[in-house]
Amino acid sequence: ARVFGPLMDMEFDMEKVEKLKRYIDKNLLTKEYVTWEEALKIVGDERIVNRVFEEYRRSKKGETTYIKDVGYVLVKK
């Protein structure tokens, strides 16, 4: 059973990534931004939020910025 632990973790992480991407896509269409804190509440894993925000930045689907009193934000490009 221990052998499958890392595989299960990877699969669970991919589910979280997809869940967050769906949330971001929906929110970029409606309000044109997603805060880092908001994204963290969706998946509960900082590594995944950072990874997905970076993917959106690299793919030019969004840009990341820091807004005083709001924090780190992914904004529709």
Side-chain angles (χ1 to χ4, degrees):
R2 287 190 113 173
V3 174
F4 296 110
L7 281 175
M8 296 302 286
D9 289 345
M10 276 181 40
E11 188 172 317
F12 191 60
D13 283 354
M14 289 309 297
E15 289 174 16
K16 286 182 176 181
V17 166
E18 291 307 313
K19 179 180 181 180
L20 182 55
K21 285 182 176 181
R22 284 191 303 274
Y23 180 83
I24 288 172
D25 288 342
K26 184 178 103 185
N27 281 278
L28 287 183
L29 283 175
T30 57
K31 64 179 187 176
E32 301 191 354
Y33 71 93
V34 175
T35 68
W36 190 89
E37 290 290 330
E38 183 183 347
L40 183 59
K41 287 178 185 172
I42 298 300
V43 293
D45 188 328
E46 293 178 3
R47 295 171 309 120
I48 290 174
V49 174
N50 291 339
R51 182 169 131 198
V52 171
F53 271 36
E54 182 62 16
E55 271 184 44
Y56 274 74
R57 189 189 65 76
R58 281 193 189 152
S59 68
K60 308 278 193 247
K61 289 182 184 177
E63 48 188 46
T64 54
T65 189
Y66 183 84
I67 300 173
K68 187 179 179 193
D69 299 326
V70 175
Y72 194 48
V73 180
L74 178 68
V75 181
K76 183 177 181 178
K77 198 160 187 182

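The pair E54-R57 meets the salt-bridge criterion, since a charged nitrogen lies less than 4.0 angstrom from a carboxylate oxygen.
Annotation: the span from L28 atom CG to K77 atom NZ amounts to 12.5 Å, rounded to 0.5 Å. We find the CD1-NZ distance between I24 and K26 to be 12.0 Å, quoted to the nearest 0.5 Å. How far OH of Y56 is from CG of L74: 7.5 Å, rounded to the nearest 0.5 Å.
Among the candidates K61, K21, K60, the single residue satisfying the salt bridge (charged side-chain N to carboxylate O under 4.0 Å, His left out) test with E55 is K21.
Of all the heavy atoms in A39 and F53, the pair that sits closest is CB-CE1, 3.9 Å.
Neither Y72 nor V75 shares a network with the other; the hydrophobic side chains, linked directly or stepwise wherever heavy atoms of I, L, V, M, F, W or Y lie under 4.5 Å apart, form separate groups for each. Linking ILVMFWY residues whenever their side-chain heavy atoms come closer than 4.5 Å, directly or via other members, places V43 and V52 in the same cluster. Cluster membership for Y23 and V73, using ILVMFWY side-chain heavy atoms within less than 4.5 angstrom, is not shared.
Taking the side-chain hydrogen bond (donor to acceptor under 3.5 Å, both in side chains) definition, one finds that Y33 meets it with nothing, sequence neighbours left out. Residues satisfying the side-chain contact (heavy atoms from CB on, under 4.5 Å) test with D45, not counting sequence neighbours, are D13, K16, R47, I48.
For residues 29-40, the pairs satisfying salt bridge (Lys or Arg N to Asp or Glu O under 4.0 Å) are K31-E38, with sequence neighbours left out.
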